[in-house]
Novice: 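Encoded as structure tokens, here's the structure I'll be asking about.
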Amino acid sequence: MKDREMISCQDAVERVYEFLDGELDPGWNEQVRKHIEVCKKCYPYFNFERIFLDYVRSRGSRDEDSGELEGRILAVLGREG
């Protein structure tokens with residue numbers, strides 16, 4: 001990939017969790033970060049995922065068993081369709 005080419009929305013979205021978890025190599029990390037900064041379509045999606053992940057992490061470290069929390073989240077998502 002050339003440094004000046006912008007990655008596609010699909011490339012960025014496919015790497016959202018790796019990006020948020022700091023698991024991408026530096027090249028991909030920079031490309032995803034740049035994409036999020038300029039893409040009006042992807043920024044809200046990434047921002048929502050970041051806030052959601054922060055919330056889940058904060059709740060999971062409290063008094064709830066992470067398996068129980070995961071079950072509750074999946075149940076809510078199942079109801080929402």
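Only a predicted model underlies this, so the values are computations on that prediction, with no experimental measurement involved. For the single chain, residues carry numbers from 1 onward in sequence order.
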Novice: Measure the OH-SG distance between Tyr45 and Cys9 for me, rounded to the nearest 0.5 Å.
Specialist: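 Interatomic distance, Tyr45 OH to Cys9 SG, rounded to 0.5 Å: 11.5 Å.
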Novice: Kindly compute the distance separating CD (Glu23) from CZ (Arg15), expressed to the nearest 0.5 Å.
Specialist: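 Glu23 atom CD to Arg15 atom CZ measures 13.0 Å (nearest 0.5 Å).
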Novice: Identify the heavy atoms of Gly27 and Asp25 that sit nearest to each other, and give their distance.
Specialist: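 Closest pair (atom of Gly27, atom of Asp25, distance): N-OD1, 2.9 Å.
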Novice: Please report the interatomic distance CD(Glu18) to CG(Asn29), rounded to the nearest 0.5 Å.
Specialist: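 That separation rounds to 10.5 Å.
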Novice: As an exercise, state the distance from OH of Tyr43 to CZ of Phe48, rounded to the nearest 0.5 Å.
Specialist: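 Spacing of OH (Tyr43) from CZ (Phe48) equals 14.0 Å.
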Novice: Using every non-hydrogen atom in the two residues, find where Leu20 and Leu53 come nearest and quote the distance to one decimal.
Specialist: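 Scanning both residues, the minimum pair turns out to be CB-CD2, 3.8 Å.
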Novice: Which atoms form the tightest heavy-atom contact between His35 and Cys42, and what is the distance?
Specialist: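 So the two residues come closest at NE2-SG, 3.4 Å.
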Novice: Quick check: do Arg33 and Phe19 have side-chain heavy atoms less than 4.5 Å from each other?
Specialist: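 Touching, per the 4.5 Å side-chain cut-off.
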Novice: Taking Lys34 first and then Glu37, would you say they form a salt bridge - that is, a charged N and a carboxylate O separated by under 4.0 Å?
Specialist: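 Looking at Glu37 together with Lys34, the answer is no, because their closest N to O distance does not fall below 4.0 Å.
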